[in-house]
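Below you'll find the structure, written out as structure tokens, and then a few comments.
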Amino acid sequence: MKLVVLTGIPGSGSTTVLKKTLEEVDYLHLNYGDIMTEIAVEKGLVENRDELRKLPADTQKEIQKEAGLRIKEKSESENVIVDTHCTISTPAGFLPGLPKWVLEGLNPDTFILVEAHPDEIMVRRMSDETRQRDAEKAKDIQLHQEMNRAAAMAYATLTGATVKIINNHDNHLPSTVRKMVELLK
């Protein structure tokens with residue numbers, strides 16, 4: 001069975017690509033944050049996902065670690081694709097989305113990064129009325145994608161996983177999905 005980590009910065013289209021891909025492949029889709037929330041609710045620590053970030057850092061780390069182990073366990077009986085953040089852009093700098101203690105338990109086979117041209121991402125973000133996103137310049141979007149690449153290779157060094165970049169350009173969704181399907185088979 002395969003365990004694949006899918007990531008893309010907001011506006012890259014990773015969620016759209018994943019939804020279309022799942023119509024053609026037999027993978028269990030898990031969202032890392034949802035699994036963390038499930039664990040925290042089971043432990044009586046939170047009532048909803050928004051409360052997770054208010055927990056003490058050590059508690060969040062333990063939940064993060066437990067989520068990785070739970071996902072890995074599911075991947076022993078079926079193919080799993082986990083949707084998460086490779087890096088998180090904060091005012092203080094970039095944070096790893098998959099720190100060492102998560103990677104040790106998760107131990108994925110492949111990292112897939114969905115990327116698009118920074119100008120495409122800017123337009124997508126501006127057009128998405130369902131979200132309140134901070135405005136970023138093209139150079140900041142490019143930097144975030146470059147940080148994701150660097151982080152994914154560091155993660156691969158620690159786990160032995162492969163890293164694949166899939167471009168999701170405007171008006172090319174069917175070919176992007178085909179590439180994802182081929183990779184997942």
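Atoms considered below: every heavy atom in the structure, side chains included; atoms not considered: hydrogens, waters and symmetry mates.
- In this structure, M153 is not a member of the same hydrophobic cluster as I166, with clusters built from ILVMFWY side-chain heavy atoms closer than 4.5 Å.
- Side-chain contact check for P99 versus Q64: some heavy-atom pair is nearer than 4.5 Å.
- Looking only at distances, a side-chain donor or acceptor of D109 sits under 3.5 Å from a matching main-chain atom of L3.
- When all heavy atoms of I63 and A40 are compared, the closest pair comes out as CD1-CB, 3.8 Å.
- Residues N31 and R49 have side chains in contact (heavy-atom distance under 4.5 Å, counting atoms from C-beta outward).
- A single hydrophobic cluster is not seen to contain both L183 and V82; linkage of ILVMFWY side chains at heavy-atom distances under 4.5 Å, directly or through other members, places them apart.
- Pairing each heavy atom of P108 with each of A161, the nearest pair is O-CB, 3.4 Å.
- Residues L28 and I81 are not in side-chain contact: their nearest non-hydrogen atoms beyond the backbone lie 4.5 Å or more apart.
- N148 and T87 form a side-chain donor-acceptor contact under 3.5 Å, judged by distance and modelled atom types alone.
- To the nearest 0.5 Å, atoms OG1 (T159) and NZ (K100) are separated by 12.5 Å.
- Residue S12 holds its OG atom at 8.0 Å from CG of L6, rounded to the nearest 0.5 Å.
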Candidate pair K43 and E38, rule salt bridge (charged side-chain N to carboxylate O under 4.0 Å, His left out), full reasoning | CA-CA 9 Å; K43 294 178 180 270; E38 181 181 295; over 6 Å; no

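- For the side chain to side chain donor-acceptor pair (under 3.5 Å) test, no residue two or more places apart in sequence or in another chain qualifies with E78.
- Contact check for L52 versus Q60: no side-chain heavy atoms found under the 4.5 Å cut-off.
- Between V114 and T176, every side-chain heavy-atom pair lies at or beyond the 4.5 Å cut-off.
- Residue N171 qualifies as open at atom CG: its count of foreign heavy atoms under 6.0 Å is 12 or below.
- K65 contributes atom NZ, which lies 12.0 Å from atom CG of L103 (distance to the nearest 0.5 angstrom).
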Verdict with supporting geometry, Q145 and I121, side-chain contact (heavy atoms from CB on, under 4.5 Å) = CA-CA 11 Å; Q145 289 188 131; I121 291 173; 3.4 Å; yes

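- Each ring-ring contact (aromatic ring centres under 6.0 Å, His included) pair with one or both residues in residues 19-55, not counting sequence neighbours, would appear here, but there are none.
- Tracing side-chain contacts under 4.5 Å through hydrophobic residues (I, L, V, M, F, W, Y), one never reaches M180 starting from V163; they form parts of separate clusters.
- Around NZ of K164, the count of heavy atoms belonging to other residues, nucleotides or ligands within 6.0 Å does not exceed 12.
- No chain of hydrophobic side-chain contacts below 4.5 Å, direct or via other Ile, Leu, Val, Met, Phe, Trp or Tyr residues, connects L113 to M147.
- In the hydrophobic clustering of ILVMFWY residues, with side-chain heavy atoms under 4.5 Å counting as a link, L55 and I35 come out together.
- For the residue pair T7/H85, the side-chain donor-acceptor check at 3.5 Å is not satisfied.
- Atom OG of S75 is separated from atom NZ of K2 by 12.5 Å, given to the nearest 0.5 angstrom.
- Exactly one of I112, V4, T110 qualifies for a side-chain contact (heavy atoms from CB on, under 4.5 Å) with T162. That residue is T110.
- Heavy atoms from other residues, nucleotides or ligands lying under 6.0 Å from CD of E47 number 12 at most.
- L184 places a side-chain heavy atom less than 4.5 Å from the side chain of T21.
- Looking at E136 and R125, a side-chain N of the basic residue comes within less than 4.0 Å of a carboxylate O on the acidic one, giving a salt bridge.
- Applying the ring-ring contact (aromatic ring centres under 6.0 Å, His included) test to every pair with at least one member in residues 145-185, sequence neighbours left out, gives these pairs: F111-Y155.
- Counting all heavy atoms, side chain and backbone alike, C86 lies closest to A151 at SG-CB, 3.9 Å.
- For the side chain to side chain donor-acceptor pair (under 3.5 Å) test, no residue two or more places apart in sequence or in another chain qualifies with T16.
- In this structure, T84 and V5 have side chains that are in contact, with non-hydrogen atoms separated by less than 4.5 Å.
- Side chain of E66 to main chain of I39: no donor-acceptor pair is present (N/O by atom type, distance under 3.5 Å, no hydrogens or angles).
- Residue K185 holds its NZ atom at 12.5 Å from CG of N79, rounded to the nearest 0.5 Å.
- A salt bridge links R149 and E115; the closest N-O separation between the charged side-chain nitrogens and carboxylate oxygens is under 4.0 Å.
- Residues forming a side chain to side chain donor-acceptor pair (under 3.5 Å) with D119 (at least two apart in sequence, or on another chain): none.
- Atom-to-atom distance recorded for L106:CG and R70:CZ is 13.5 Å, nearest 0.5 angstrom.
- Between N168 and R124 the shortest side-chain heavy-atom distance falls below 4.5 Å.
- For K61, the side chain to side chain donor-acceptor pair (under 3.5 Å) criterion is met by no residue, not counting sequence neighbours.
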